[in-house]
Amino acid sequence: IKILPCLSGLTPSRFSGRPSAKNSVSNEFFGINLKAAAKFSVIALGDENKYKNQIKAATKELSVRWLMNLVEPYRDKLSDEENENIDKLVDYIKSYFS
């Protein structure tokens with residue numbers, strides 16, 4: 001399974017700043033990619049040995065600060081489980097660097 005491509009839209013190098021309320025296409029894009037990040041967390045962190053290369057790549061590519069700034073406007077559009085899984089991914093990335 002190739003998991004990392006679904007997260008490619010979440011890297012700071014691709015987009016800067018926060019999504020705009022005026023741009024619904026952009027908002028849908030970010031919402032879909034946040035859902036992908038939540039799913040990535042479930043799959044990859046559920047079997048760290050199997051997906052160690054994808055986890056390592058995501059850890060290097062995703063900026064925790066940028067991701068959290070992106071997540072906040074969408075918290076209410078994500079399920080409790082998706083929010084929890086994104087938080088787990090952020091915590092995992094933070095622990096990688098500490």
Side-chain angles (χ1 to χ4, degrees):
I1 297 175
K2 289 189 177 185
I3 295 174
L4 200 55
C6 67
L7 299 177
S8 64
L10 290 176
T11 59
S13 60
R14 179 143 184 207
F15 293 96
S16 61
R18 296 177 99 171
S20 164
K22 295 178 184 176
N23 188 344
S24 64
V25 173
S26 177
N27 286 343
E28 287 180 32
F29 173 81
F30 284 111
I32 290 168
N33 281 288
L34 287 171
K35 290 180 178 285
K39 194 62 166 177
F40 173 81
S41 176
V42 170
I43 295 169
L45 299 182
D47 191 346
E48 291 181 40
N49 289 327
K50 183 176 180 181
Y51 296 108
K52 65 183 173 187
N53 292 334
Q54 289 88 347
I55 293 170
K56 186 176 180 179
T59 301
K60 289 180 179 180
E61 291 290 324
L62 291 174
S63 163
V64 170
R65 185 175 181 189
W66 191 86
L67 181 59
M68 291 310 298
N69 285 337
L70 177 65
V71 168
E72 292 312 317
Y74 289 96
R75 287 270 184 203
D76 62 332
K77 292 178 176 55
L78 299 171
S79 70
D80 289 342
E81 182 179 8
E82 288 168 332
N83 278 305
E84 189 176 304
N85 290 327
I86 288 173
D87 291 340
K88 285 180 188 177
L89 179 61
V90 167
D91 290 342
Y92 186 91
I93 293 169
K94 285 181 182 177
S95 72
Y96 180 84
F97 291 104
S98 58

Out of curiosity, [X] [atom1] to [Y] [atom2], how far, rounded to the nearest 0.5 Å?
X     : Y     : atom1 : atom2 : answer
Asp87 : Asn85 : CG    : CG    : 9.0 Å
Lys35 : Lys77 : NZ    : NZ    : 10.5 Å
Asn83 : Glu81 : CG    : CD    : 10.5 Å
Lys52 : Gln54 : NZ    : CD    : 10.5 Å
Lys50 : Ile55 : NZ    : CD1   : 11.5 Å
Glu61 : Ile93 : CD    : CD1   : 10.5 Å

- Looking only at heavy atoms, which two atoms of Met68 and Val90 are closest? And how far apart? SD-CG2, 3.4 Å
- Message: To check you understand the geometry: which heavy-atom pair defines the closest contact between Leu89 and Ser41, and what is its length?
- Response: N-OG, 3.8 Å
- Message: Do Glu82 and Leu34 have side chains that approach each other closer than 4.5 Å (heavy atoms only, starting at C-beta)?
- Response: no
- Note on the structure: Tested for side chain to side chain contact (heavy atoms under 4.5 Å, CB included) against Leu45, the lone hit among Tyr51, Phe40, Tyr92 is Tyr92
- Linking I/L/V/M/F/W/Y whenever their side-chain heavy atoms sit closer than 4.5 Å, directly or via other members, would Tyr74 and Val42 fall into one cluster? no
- Item | Set of side chain to side chain contact (heavy atoms under 4.5 Å, CB included) partners for Asp91, sequence neighbours left out | none
- Task: Step through the shown structure and confirm whether more than 12 heavy atoms of other residues, nucleotides or ligands are within 6.0 Å of CG on Asp47.
- Result: yes
